[in-house]
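Encoded as structure tokens, the structure appears first; notes follow it.
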Amino acid sequence: MNRVMVNTVLGPVENIQELLPNEFAVVAKWKEEGVLEHILIKEAASGAVLIFQGIDQEKVKQLMSGLPLFKHFQKVDYTVLDKQF
């Protein structure tokens with residue numbers, strides 16, 4: 001089954017503490033729905049790597065654009081992966 005890896009780089013966010021609860025709620029919903037397999041937060045909260053499953057890259061882009069922190073990402077890379085085992 002293919003996966004989509006999303007690698008984000010977060011820019012400066014003045015009100016990050018206000019945005020984080022909503023960000024975590026959205027991500028938790030994706031986990032509950034089974035579309036988000038893993039999320040890894042980068043050192044010093046400088047971004048994250050997310051692994052999606054069961055959906056295509058276009059759907060992932062649509063989901064990502066709904067994140068409260070999305071407008072603060074300096075860079076977002078999408079990579080389609082083929083899980084071998």
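Bear in mind that the values here come from a model prediction, so they are computed numbers and not experimental data.
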Within one Ile-Leu-Val-Met-Phe-Trp-Tyr cluster: Val49 and Phe70, side-chain cutoff 4.5 Å: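 No, because Val49 and Phe70 fall into different hydrophobic clusters, even though each may have its own neighbours under 4.5 Å.
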
Connected via hydrophobic side-chain network under 4.5 Å: Val76 and Ile41: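 Same cluster.
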
Set of residues satisfying side-chain contact (heavy atoms from CB on, under 4.5 Å) with respect to Ser46, sequence neighbours excluded: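 Ser46 satisfies side-chain contact (heavy atoms from CB on, under 4.5 Å) with Lys42 once adjacent residues are dropped.
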
Atom pair OG1/CG of Thr8 and Asp77 - distance to nearest 0.5 Å: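 One gets 9.5 Å once the value is rounded to the nearest 0.5 Å.
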
Distance (rounded to the nearest 0.5 Å) between Leu50 CG and Leu67 CG: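 CG of Leu67 is found 7.5 Å from CG of Leu50.
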
Please list every donor-acceptor pair under 3.5 Å in which a side-chain atom of residues 16-34 meets a protein atom from a residue at least two apart or in another chain.
| unit_1 | atom_1 | unit_2 | atom_2 | d |
| --- | --- | --- | --- | --- |
| Glu23 | OE1 | Leu69 | N | 2.9 |
| Lys29 | NZ | Glu33 | OE2 | 3.3 |
| Lys31 | NZ | Glu37 | O | 2.9 |

Partner set under side chain to side chain donor-acceptor pair (under 3.5 Å) for Asp82, not counting sequence neighbours: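 Partners of Asp82 under the side chain to side chain donor-acceptor pair (under 3.5 Å) test: Gln84.
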
[X] and [Y]: which non-hydrogen atoms are nearest, and at how many Å?
| X | Y | answer |
| --- | --- | --- |
| Ile51 | Leu36 | O-CD1, 3.4 Å |
| Ala45 | Leu10 | O-CD2, 3.6 Å |
| Gln74 | Pro12 | NE2-CD, 3.8 Å |
| Gln57 | Val80 | OE1-CG2, 3.3 Å |

Salt bridge (Lys or Arg N to Asp or Glu O under 4.0 Å) involving Lys71 - partner list, sequence neighbours excluded: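 In terms of salt bridge (Lys or Arg N to Asp or Glu O under 4.0 Å), with neighbours along the sequence ignored, Lys71 is linked to no residue.
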
Any side-chain heavy-atom pair of Phe52 and Val6 under 4.5 Å: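 Yes - at least one pair of side-chain heavy atoms lies under 4.5 Å apart.
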
Non-neighbouring partners of Tyr78 that pass ring-ring contact (aromatic ring centres under 6.0 Å, His included), sequence neighbours left out: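 Residues passing ring-ring contact (aromatic ring centres under 6.0 Å, His included) with Tyr78: none at all.
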
Under 3.5 Å, which donor-acceptor pairs link side chains of residues 58-65 to any protein atom two or more places apart or in another chain?
| unit_1 | atom_1 | unit_2 | atom_2 | d |
| --- | --- | --- | --- | --- |
| Ser65 | OG | Gln62 | O | 2.8 |

